[in-house]
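As structure tokens, the structure follows; a few thoughts come after it.
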Amino acid sequence: MIKVGVNGYGTIGKRVADAVRAQPDMKLVGVAKTRPNYEAEAAVRKGYPLYAAIPEKSDAFRNAGIDLAGEIDDLVMQSDVVVDCTPSGIGEQNRELYRRYDTRALFQGGESADAVDASFNARANYDVARNDDVQFVRVVSCNTTGLSRLMAPLDEAFGVEKARITLIRRGGDPADASRGPINDILPDPVTVPSHHGPDVNTILPDLNIDTVGVKVPATLMHLHSVNVTLSEAPSVDEVRDLLHEESRLFLVPDIAGIGGTGQLKEFAMDTGRPRGDLWENCIWDESLSVEDNDLYLFQSIHQESDVIPENVDAIRAIMDAADQQESMEKTDENLGVGLESVFGGVRKRITPRNADD
Ligand SMILES: NC(=O)C1=CN([C@@H]2O[C@H](COP(=O)(O)OP(=O)(O)OC[C@H]3O[C@@H](n4cnc5c(N)ncnc54)[C@H](O)[C@@H]3O)[C@@H](O)[C@H]2O)C=CC1
Ligand SMILES: O=C(OP(=O)(O)O)[C@H](O)COP(=O)(O)O
């Protein structure tokens, strides 16, 4: 049983805690929070032991009538792995805390690749974390996760000569009132190519990829406009069959009448997904096209949740507790990953194409 702590219980942390609890081979030791807000109350209601992320603020919890299981050092001591889900840049400051107790830690995409021993995506480079020398692993950001999951099977099956991606990025998360834009479209980053391509290269070092990003007044999901020049010239059906084999790629059937990210989220909520989460890349099936060697498609990424199954797999990988296929299938099975649309028939479970290597 892998003992897991979560440090930082916000958009990502609360989802990681729920996903860990759903795994039969993991025990959620507890979650660390800075203040007794509505998310702390939810953690208590779920029975998650609560730890003070900042010891000096412990009294705030007691004054709010919330019993603490301890302070952050106690959580780190009791955990085999801590999943650090603090705001961008804070994780790096916590490395010494984890080192002090020789506790392995996962960081999120807001941390620098230089701050860790390895950057991780379960489908593209799972084994990179299965090394005794690896104490700190970064689960790459939602956009990099979505791009790595798509490029890995395409490169394995057809060879990728060059990928060119335009990322239409949401301005902030729905619950994040401090962000925008409210009424603008921003080249963001204005420098091109953007940081996303090099971030994908922390996962797929040899991939020839250029990305550009814009930010728009939306909160629900990101949207990628994808063009990939392949070494071969597959048919659209060959590409469709390949993508269908991946449990974390959902081909949105045209018959479903899902015209955008709002209806995608509505579909997720209608299917009963917790918080309306979409752990999978959502690729519009109708957008798939191949012109000679050039593949085109649109995919949407639910930034709040696509990294969640990746964190679960990274826990097993850093503990060397399972191989890629075993972990991804276990994660998918216990979390419920692998959208099965009644329109598109039951999806095949993932069998990583390099599983037989
Ligand atoms: N929200 C998103 O779309 C995505 C975020 N990420 C990354 O995940 C990480 C966390 O992001 P979010 O969950 O969105 O942030 P968030 O702001 O929703 O949650 C962060 C939580 O950490 C708490 N916190 C602040 N300082 C802390 C400290 N010193 N110790 C412990 N907890 C502390 C905050 O109170 C908050 O509850 C960041 O690196 C971010 O870049 C990655 C993919 C997508
Ligand atoms: O868009 C994201 O990161 P990325 O575009 O830098 O890959 C993630 O959703 C986190 O971004 P945020 O820091 O705007 O919340």
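Read the numbers this way: they start at 1 and go in the same order the structure lists the ligands and their atoms.
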Are [X] and [Y] within salt-bridge range, i.e. N to O under 4.0 Å?
X: Asp199; Y: Arg138; answer: yes
X: Arg62; Y: Asp59; answer: yes
X: Arg95; Y: Glu111; answer: no
X: Arg164; Y: Asp210; answer: no
X: Glu246; Y: Arg149; answer: no
X: Arg275; Y: Glu304; answer: no
X: Arg100; Y: Glu96; answer: no
X: Asp313; Y: Arg248; answer: yes

Near [X], which atoms of ligand 1 are under 4.0 Å from a heavy atom of that residue?
X: Gln108; value: 7 (C), 8 (O), 9 (C), 39 (O)
X: Ala53; value: 30 (N), 31 (C)
X: Tyr9; value: 37 (O)
X: Gly110; value: 39 (O), 41 (O)

Scan side-chain atoms only and decide if [X] and [Y] contain a donor-acceptor pair under the 3.5 Å cut-off.
X: Asp73; Y: Tyr101; answer: yes
X: Ser141; Y: Asn143; answer: no
X: Thr229; Y: Asp294; answer: yes
X: Thr261; Y: Arg170; answer: no

By number and element, which atoms of ligand 2 are closer than 4.0 Å to a non-hydrogen atom of [X]?
X: His195; result: 4 (P), 6 (O)
X: Ser141; result: 3 (O), 4 (P), 7 (O)
X: His196; result: 4 (P), 5 (O), 6 (O), 7 (O)

May I ask you to identify the nearest protein heavy atom to [atom], giving residue, atom name and distance to one decimal place in Å?
atom: atom 13 (O) of ligand 2; result: Arg179 NH2, 4.1 Å
atom: atom 31 (C) of ligand 1; result: Asn7 OD1, 3.2 Å
atom: atom 25 (C) of ligand 1; result: Pro87 CD, 3.3 Å
atom: atom 8 (C) of ligand 2; result: Cys142 SG, 3.0 Å
atom: atom 16 (P) of ligand 1; result: Thr11 N, 4.0 Å
atom: atom 43 (C) of ligand 1; result: Cys142 N, 3.7 Å
atom: atom 9 (C) of ligand 1; result: Thr86 O, 3.4 Å
atom: atom 44 (C) of ligand 1; result: Gln303 O, 3.1 Å

Yes or no: does Lys33 have any heavy atom under 4.0 Å from an atom of ligand 1?
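Lys33 counts as a contact of ligand 1 under the 4.0 Å cut-off.
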Examine the proximity of ligand 1 to [X] and report which part, side chain or backbone, both or neither, has a heavy atom under 4.0 Å away.
X: Asp173; result: side chain
X: Arg15; result: neither
X: Cys85; result: backbone

Kindly confirm or rule out an N or O of [X] lying under 3.5 angstrom from an N or O of ligand 1.
X: Glu304; result: no
X: Glu111; result: no
X: Ser141; result: no
X: Thr34; result: yes
X: Ser88; result: yes
X: Ile12; result: yes

Crowded around Asp270 CG? As in, over 12 foreign heavy atoms under 6.0 Å?
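Yes, CG of Asp270 has more than 12 neighbouring heavy atoms, counting only those of other groups under 6.0 Å.
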Of the listed options Arg169, Gln303, Arg170, Gln108, closest to atom 10 (C) of ligand 2 (non-hydrogen atoms)
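Among Arg169, Gln303, Arg170, Gln108, the closest heavy atom to atom 10 (C) of ligand 2 comes from Arg170.
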Between Val16, Ile90, Ile301, flag the one that comes closest to atom 29 (N) of ligand 1 by a heavy atom.
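Checking each option, the heavy atom nearest atom 29 (N) of ligand 1 is found in Ile90.
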Out of curiosity, is Gly109 lining ligand 2, as in a heavy atom under 4.0 Å away?
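Flag not set, Gly109 not near ligand 2.
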For Lys14 and Glu39, what are the C-alpha separation, side-chain angles and deciding distance, and is it a salt bridge (Lys or Arg N to Asp or Glu O under 4.0 Å)?
CA-CA 8 Å; Lys14 62 187 173 187; Glu39 289 165 325; 3.2 Å; yes
N or O contact, Ser88 vs ligand 2, cut-off under 3.5 Å
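No, Ser88 has no N/O under 3.5 Å of an N/O on ligand 2.
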If I compare all heavy atoms of Ala60 with all of Pro36, which pair ends up nearest, and what's the gap?
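Closest pair (atom of Ala60, atom of Pro36, distance): O-CG, 3.5 Å.
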Should the ring pair Tyr48 and Tyr9 be called parallel, tilted or perpendicular, given that the plane angle runs from 0 to 90° and is split at 30 and 60?
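The arrangement is perpendicular - the two ring planes meet at more than 60°.
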Output yes when a protein non-hydrogen atom is found under 4.0 Å of atom 19 (O) of ligand 1, and no otherwise.
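It does: a protein heavy atom is found less than 4.0 Å away from atom 19 (O) of ligand 1.
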Please walk me through it: do Thr145 and Asp306 pass side chain to side chain donor-acceptor pair (under 3.5 Å)?
CA-CA 7 Å; Thr145 293; Asp306 78 325; 4.6 Å; no
